[in-house]
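What follows is a single structure, written as structure tokens, with notes after it.
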Amino acid sequence: MKNIVLFASGSGSNVENIVQYFKFNPKVTITAVLSNNKDAKVLERCNKLNIGALYFNRSSFYEKGLVRKILRTLSPDLIVLAGFLWRMPQELIQDFPDKIINIHPALLPKYGGKGMYGNHVHQAVKDNMETETGITIHFVNENYDEGAIIYQAKTRISPEDTVQAIANKVQALEYEYFPKIIEKLLNEG
Ligand code: GAR
């Protein structure tokens, strides 16, 4: 049995997609979803999906080591950041080497770094008149969006595409590939 812990800060549509994907897989459990935002829609989704969810604040993450203790107890095979917007503390990265992955809604190394999330990314892609964008799934290190790349998928975009249209294309790639890459990493680990 492999177990996954998910981190999310916002809507959690990727969390829901991942939960649905593994629902009928007896070898994979989503042990918990952890969020830094007590008003996040992801917490509501977890309630409906019957997945244990927990909210933590900044000091329990960065100072008191509470999240670290929880993770040590849960001992996940993989920690998946699915729309999680805080930087991971160094000690967590040390505790779980090559076991923390993130998804970014652009083709890194372009359009990464602090403040680059959600529609900020898609707006920048549009402003630069890119002809393609996509998703990057990568290992997490102490810098935003800089760990080794595991997988990228691309989609064409045109100048007529609105930010929302770009977001929709990227989201479709996220839903299609993120669970498959998670499954692949679990099988390899
Ligand atoms: C996703 O598009 C994910 O790639 C992005 O946040 C969104 C979360 O959507 N992550 C980042 O921007 C990280 N820098 P969701 O809450 O509906 O899954």
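As the structure lists them, so they are numbered: ligands from 1, and atoms in each ligand from 1. A quick note: this is a predicted structure, and the numbers were derived from the prediction, not measured.
Across Ser13, Ala40, Ala8, heavy-atom proximity to atom 17 (O) of ligand 1 is greatest for Ser13.
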Before giving the answer on side-chain hydrogen bond (donor to acceptor under 3.5 Å, both in side chains), spell out for Arg45 and Ser13 the whole-Å C-alpha distance, their side-chain angles and the decisive distance to 0.1 Å. CA-CA 8 Å; Arg45 287 190 202 258; Ser13 70; 4.8 Å; no

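By the 4.0 Å N-to-carboxylate-O rule, Lys114 lies too far from Asp145 to be salt-bridged with it. For the pair Lys110 and Glu130, the salt-bridge criterion is met [side-chain N within less than 4.0 Å of a carboxylate O].
Taking the six-membered ring for Trp, Phe61 and Phe84 have ring centres closer than 6.0 Å.
Contact annotation: the side chain of Thr136 never approaches that of Ile103 to less than 4.5 Å [non-hydrogen atoms, C-beta and beyond]. In this structure, Asn47 and Leu43 have side chains that are not in contact, with every pair of non-hydrogen atoms separated by 4.5 Å or more. When side chains are defined from C-beta on, Tyr117 does not count as touching Ser9, because their heavy atoms never get closer than 4.5 Å.
Residue, atom and distance of the protein heavy atom nearest to atom 13 (C) of ligand 1 are Ile103 O, 3.8 Å. Ranking protein heavy atoms by distance to atom 4 (O) of ligand 1, first place goes to Glu174 OE2, 2.4 Å. In terms of protein heavy atoms, atom 11 (C) of ligand 1 is closest to Pro105 CD, 3.6 Å. The single protein non-hydrogen atom nearest to atom 9 (O) of ligand 1 is Asn14 ND2, 3.9 Å, given as residue, atom name and distance.
Contact atoms of ligand 1 toward Ser11: 16 (O), 17 (O) (distance under 4.0 Å to a heavy atom of the residue). Within ligand 1, counting atoms from 1 as listed, the ones closer than 4.0 Å to a heavy atom of Gly118 are 12 (O). Proximity to Gly83 (heavy-atom distance under 4.0 Å) selects the following atoms of ligand 1: 6 (O), 8 (C), 10 (N).
In terms of N/O distances under 3.5 Å, ligand 1 is approached by Gly12. Considering backbone and side-chain atoms together, Tyr175 places no N or O closer than 3.5 Å to any N or O of ligand 1.
In this structure, Met116 counts as a contact residue of ligand 1, since one of its heavy atoms falls inside 4.0 Å of the ligand.
Linking Ile, Leu, Val, Met, Phe, Trp and Tyr whenever their side-chain heavy atoms come within less than 4.5 Å leaves Val170 and Leu85 in two separate clusters.
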